[in-house]
Protein chains: 2
Amino acid sequence: MAVAARRKFRREGEERRRQDLIEATLDCVAENGLQGATVRAIALRAGVTAGLIRHYFPGKEELLQAAYATTMGRMTELAKTALATVEEGPRQRLAAFVAASLVPPVIDVRTFSIWASFIGRAGSDPALGMAHRAGYLGFRDEVEALVAEVLADAGRQASAGELRRHAIAINAIIDGLWVEGCLAGDMFANGELAEIGIGSVEAMLGLRLRQGDVS
Amino acid sequence: MAVAARRKFRREGEERRRQDLIEATLDCVAENGLQGATVRAIALRAGVTAGLIRHYFPGKEELLQAAYATTMGRMTELAKTALATVEEGPRQRLAAFVAASLVPPVIDVRTFSIWASFIGRAGSDPALGMAHRAGYLGFRDEVEALVAEVLADAGRQASAGELRRHAIAINAIIDGLWVEGCLAGDMFANGELAEIGIGSVEAMLGLRLRQGDVS
DNA sequence: GCAATATTTATACACTTGCATAACAACGTC
DNA sequence: GACGTTGTTATGCAAGTGTATAAATATTGC
């Protein structure tokens with residue numbers, strides 16, 4: 001009688017397994033929302049059995065939190081990278097920042113699905129709400145600092161209130177274009193969203209960000 | 001021996017019950033996401049028993065679709081109402097449109113939670129994706145028509161491409177401010193978002209929308 | 001090779017899920 | 001007031017849920 005053969009397995013490093021589980025979780029969420037992120041579906045995707053999840057996380061809830069924190073971290077990291085790679089003047093840096101936020105890999109359905117799935121519960125889940133707020137404010141402060149540099153570079157002076165308003169508005173247009181780009185990327189030509197984003201920021205600040213660009 | 005007394009009930013009209021069930025569904029989704037929208041939770045909130053749901057809808061899926069359609073309809077209806085109530089010139093109408101989108105009841109956590117919960121699955125669920133696209137394009141067309149009127153009123157002429165870009169950008173800033181307002185309304189003063197929105201649109205179009213407003 | 005360890009699998013359990021069905025009672029009609 | 005219609009409740013079921021626990025095996029150090 002063939003005794004049911006036990007499944008072969010390999011022991012992976014702790015950090016590696018954690019990461020795999022988180023990635024599998026994000027895949028599940030992206031495809032079928034939080035509903036689709038069941039321990040069994042996650043385990044299947046990670047190539048392990050369901051029980052293992054509880055060896056690395058106290059429970060499913062903690063795994064989801066870790067997964068959300070991971071995506072948040074990735075998004076802000078991408079934005080900061082875009083900032084760090086441009087060494088030219090403030091205007092080019094702001095333009096690069098806006099543009100980077102409006103092309104892949106920041107524009108991405110998968111990321112958007114995950115973001116929406118989690119953020120939908122930010123209203124009722126205080127922890128999620130705080131996490132979003134922190135991320136948003138961090139992003140906005142970045143924008144505000146950038147705007148301040150740009151205006152200073154142009155020899156203009158802005159009050160704290162003006163700076164704040166500019167940061168809010170610029171942040172909003174990036175967010176709005178990001179959402180649309182993620183949801184209906186095929187409706188826009190390559191680079192069109194970045195173009196519109198930069199153009200809008202220029203209009204709002206009343207100065208050009210791209211030097212050689214005559215249009 | 002007290003035989004378990006059967007629950008008293010009233011027969012409501014068909015349309016009334018449908019609407020109640022949809023409303024209960026939206027409440028559940030708003031509070032706990034799609035996960036929270038179980039037939040039992042919905043029924044409890046609607047004041048009926050779970051089985052009744054299947055008397056009015058083929059299944060839970062159809063109830064969710066109906067609920068989503070309802071919110072979509074409400075949002076576009078609110079926008080159109082804002083448009084219809086202003087009879088003055090094109091500029092005032094555009095300003096009113098923007099402002100109406102950035103104050104309650106359009107700015108509302110509950111609506112946002114519902115929107116996010118559903119839209120998160122637009123990437124994988126074709127029906128949802130199409131529904132969003134239709135709604136978005138409808139909204140954008142409205143904006144585009146409005147912008148065309150405004151520019152004409154200002155004696156300016158714009159190519160189709162310019163109009164399209166303006167519509168996309170204005171739509172984006174409304175969306176972006178809407179998201180932030182819903183998620184963190186307490187961070188903004190009353191009317192601040194509307195103010196920022198209108199100001200941004202003015203900057204993008206290069207003309208003022210509010211006549212008497214000297215700031 | 002061999003034992004010790006703890007990662008991983010397998011199984012079980014209590015609970016929830018959506019749905020099917022049958023019993024019931026509220027309402028309109030005569 | 002009796003009566004049939006059907007909106008509504010109650011109950012049951014199979015599948016799926018997260019978690020707890022024990023058994024098994026891959027890996028490490030000797």
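Worth knowing before you read on, the calculation uses all heavy atoms, side chains too, and leaves out hydrogens, waters and symmetry mates. Every value quoted in this text rests on a predicted model; they were computed, and no experiment measured them. First the proteins, then the strands, lettered A, B, ... as listed; each starts at 1.
The nearest whole Å value for the distance from the CZ atom in Phe9(B) to the P atom in dC27(C) is 8 Å. To the nearest angstrom, C1' of dT8(C) lies 15 Å from CZ of Arg18(A). Taking atom CG of residue Leu63(B) and atom C1' of nucleotide dC19(C), one finds them 14 Å apart after rounding to whole Å.
In the interface, the side chain of Arg6(A) is not paired with the base of dT25(D) through any donor and acceptor atom under 3.5 Å apart. For dT9(D), the base has no donor-acceptor partner in the side chain of Arg7(B) [N/O atoms by modelled type, under 3.5 angstrom].
Near DNA chain C, defined here as any heavy-atom distance below 4.0 Å, the residues from residues 20-42 of chain A are Arg40(A), listed numerically. Of the residues in residues 43-62 of chain B, those lying under 4.0 Å from DNA chain C by heavy-atom distance are Arg54(B), Gly59(B), Lys60(B).
Annotation: side chain to side chain donor-acceptor pair (under 3.5 Å) contacts involving residues 58-78 of chain A, sequence neighbours excluded, comprise Glu23(A)-Arg74(A). Residue pairs satisfying the side chain to side chain donor-acceptor pair (under 3.5 Å) criterion with at least one member in residues 27-39 of chain A, sequence neighbours excluded, are listed as follows: Asp27(A)-Arg110(A), Glu31(A)-Arg45(A).
Partners of Arg16(B) according to the salt bridge (Lys or Arg N to Asp or Glu O under 4.0 Å) rule, which considers only residues two or more places apart in sequence or in another chain, are Glu12(B), Asp20(B). For Arg40(A), there are no salt bridge (Lys or Arg N to Asp or Glu O under 4.0 Å) partners at least two apart in sequence or on another chain. Residues satisfying the side chain to side chain donor-acceptor pair (under 3.5 Å) criterion with Asn190(A), sequence neighbours excluded, are absent altogether. Under the salt bridge (Lys or Arg N to Asp or Glu O under 4.0 Å) criterion, Arg164(A) pairs with Glu192(B), sequence neighbours left out. In this structure Arg17(A) satisfies the side chain to side chain donor-acceptor pair (under 3.5 Å) test with no other residue, sequence neighbours excluded.
Note on Glu14(B): nothing from the nucleic acid sits closer than 4.0 angstrom, heavy atoms only.
Taking the six-membered ring where the residue is Trp, His132(A) and Tyr136(A) present parallel rings, their angle staying beneath 30° rather than reaching 60°.
At dG7(D), none of the side-chain N or O atoms of Arg10(B) fall inside 4.0 Å of OP1 or OP2 (strictly under the cut-off).
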